[in-house]
Undergrad: 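Take a look at this one; I'll ask things after.
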Amino acid sequence: MELLKNKIRQEGKVLSEEVLKVDSFLNHQIDPLLMQEIGKEFVKRFSDQNITRIITIESSGIAPATMAGMILGVPVVFARKRKSLTLTDHLYSAKVYSFTKKESNDISVSKDFISNEDTVLLIDDFLANGQAALGLIDIAKQAGATIAGVGIVIEKCFQPGGDLIRKEGVRLESLAELQSLKNGQVQFVGEENNG
Ligand code: G4P
């Protein structure tokens, strides 16, 4: 998705060979017009699927997921990372280990908001080690929902997440695919390295 790639070229900050900072439009401040285009692109790529619900994880998945949900006219559910006061039982849960933060979180979705009648699209902002996406896949499977696929805003293709999702037999669509962040440069898949 060229619009997104250009935004990353202009505003993305390479913090290390593994981490791209995109706080100005995705992870802190949100660019709603870009998010709307991202929502449209997800809807286009999964237009062959009869999606009934979108599932994401708080917090940065919520903006792109909501835009896709608005276009499709379907509910958007965000998995919670912390136990809430009102969300206590009646939950589907999965353990998600973050290699980046070296901690495990239980993510959960109320059984009221996903069922075996759903066809779900799973959306997240970054795909790195794939643990968050695998957690969402686990929850969708527990609910007996049909998984239309996983939609990712930025995939770091040099990390193992993409392969893990495909190994699960789940379709993956990533709107910007990073080949490398070496030498302080963003290199996208299919692009020559001029650096
Ligand atoms: P994984 O789910 O693919 O295994 O990812 P990992 O544990 O490595 O990532 C943990 C958090 O860091 C996730 O956000 C993920 O989106 C984010 N992340 C991973 N790689 C990058 C990167 O290169 N740049 C940025 N900006 N973020 C990255 P989170 O903690 O759930 O945060 P949020 O959704 O609340 O914002």
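The analysis underlying the following values was restricted to heavy atoms, covering all of them including side chains, and did not include hydrogens, waters or symmetry mates. From a predicted model like this one, the values you see are computed outputs, not experimental measurements. First listed ligand is number 1; within each ligand, the first listed atom is number 1.
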Undergrad: Could any protein non-hydrogen atom be found less than 4.0 Å from atom 22 (C) of ligand 1?
TA: yes
Undergrad: Under 4.0 Å from a heavy atom of Glu18: give me the atoms of ligand 1 that qualify, with their elements.
TA: 23 (O)
Undergrad: When rounded to the nearest 0.5 angstrom, what distance separates CD in Glu177 from CG in Leu4?
TA: 11.0 Å
Undergrad: Just to confirm, does any protein heavy atom lie below 4.0 Å from atom 12 (O) of ligand 1?
TA: no
Undergrad: Of all the heavy-atom pairs spanning Ile114 and Arg53, show the shortest one and how long it is.
TA: CA-NE, 4.2 Å
Undergrad: Considering heavy atoms of the protein only, find what lies nearest to atom 20 (N) of ligand 1 and give residue, atom and distance to 0.1 Å.
TA: Lys156 NZ, 2.7 Å
Undergrad: Answer yes or no for Gly161: is there a heavy-atom contact with ligand 1 below 4.0 Å?
TA: no
Undergrad: Are any of the side-chain heavy atoms of Val109 and Phe78 separated by less than 4.5 Å?
TA: no
Undergrad: For residues Thr119 and Asn50, is any side-chain donor paired with an opposing acceptor at under 3.5 Å?
TA: no
Undergrad: Could you tell me the separation between the CD1 atom of Ile57 and the CG atom of Leu136, rounded to the nearest 0.5 Å?
TA: 4.0 Å
Undergrad: Identify the residue among Asn27, Asp23, Asp124 that makes a side-chain hydrogen bond (donor to acceptor under 3.5 Å, both in side chains) with Ser60.
TA: Asn27
Undergrad: Closest non-hydrogen protein atom to atom 5 (O) of ligand 1, residue and atom name please, with distance?
TA: Ala128 CB, 3.6 Å
Undergrad: Apply side chain to side chain donor-acceptor pair (under 3.5 Å) to Ser24 and Glu11, showing your working.
TA: CA-CA 7 Å; Ser24 69; Glu11 297 185 16; 2.4 Å; yes
Undergrad: Using heavy atoms and a threshold below 4.0 Å, how should the contact between Val96 and ligand 1 be classified: side chain, backbone, both, or neither?
TA: neither
Undergrad: With the threshold set at under 4.0 angstrom, would you say Gln159 reaches ligand 1 through any of its heavy atoms?
TA: no
Undergrad: Distance to 0.1 Å, residue and atom name: give those for the protein heavy atom nearest to atom 24 (N) of ligand 1.
TA: Leu20 O, 2.6 Å
Undergrad: Do any nitrogen or oxygen atoms of Gly130 lie less than 3.5 angstrom from nitrogen or oxygen atoms of ligand 1?
TA: yes
Undergrad: Do you reckon Met67 sits in the same ILVMFWY cluster as Phe126, going by side-chain contacts under 4.5 Å, direct or chained?
TA: yes
Undergrad: If you round to the nearest 0.5 Å, how far is OG of Ser108 from NZ of Lys81?
TA: 12.0 Å
Undergrad: Short N/O distance, under 3.5 Å, between Asn129 and ligand 1?
TA: yes
Undergrad: Relative to the heavy atoms of Phe99, which atoms of ligand 1 are at a distance of less than 4.0 Å?
TA: 7 (O)
Undergrad: Report yes or no: do Ile30 and Ile154 belong to one cluster of Ile/Leu/Val/Met/Phe/Trp/Tyr joined by side chain heavy-atom distances under 4.5 Å?
TA: yes
Undergrad: What's the shortest distance from atom 36 (O) of ligand 1 to any protein heavy atom, and which residue and atom give it?
TA: Ser60 OG, 2.5 Å
Undergrad: With respect to Ala132, determine whether any N or O atom, backbone or side chain, lies less than 3.5 Å from an N or O atom of ligand 1.
TA: yes
Undergrad: Tell me: protein heavy atom nearest atom 31 (O) of ligand 1, and distance?
TA: Lys81 NZ, 2.6 Å
Undergrad: Going from CG on Asn129 to OH on Tyr97, what distance comes out if it is rounded to the nearest 0.5 angstrom?
TA: 9.5 Å
Undergrad: Between Gln10 and Asn6, is any side-chain donor less than 3.5 angstrom from a side-chain acceptor?
TA: no
Undergrad: Among Leu181, Ile152, Thr100, which residue places a heavy atom closest to atom 6 (P) of ligand 1?
TA: Thr100
Undergrad: Please determine if Leu127 has a nitrogen or oxygen closer than 3.5 Å to a nitrogen or oxygen of ligand 1.
TA: no
Undergrad: Would you please say whether a donor-acceptor pair under 3.5 Å links the side chains of Ser98 and Glu103?
TA: no
Undergrad: Regarding atom 4 (O) of ligand 1: of the candidates Glu155, Gln131, Lys13, Glu58, which has the closest heavy atom?
TA: Gln131
Undergrad: Look only at interatomic distance and state if Phe126 has a nitrogen or oxygen under 3.5 Å from any nitrogen or oxygen of ligand 1.
TA: no
Undergrad: Any N or O on Lys101 sitting closer than 3.5 Å to an N or O of ligand 1?
TA: yes
Undergrad: From atom 10 (C) of ligand 1, work out which of Ser59, Ser16, Ser98 has a heavy atom at the shortest distance.
TA: Ser98
Undergrad: Going by a strict under-4.0 Å cutoff (protein heavy atoms only), does atom 17 (C) of ligand 1 have a neighbour on the protein?
TA: no
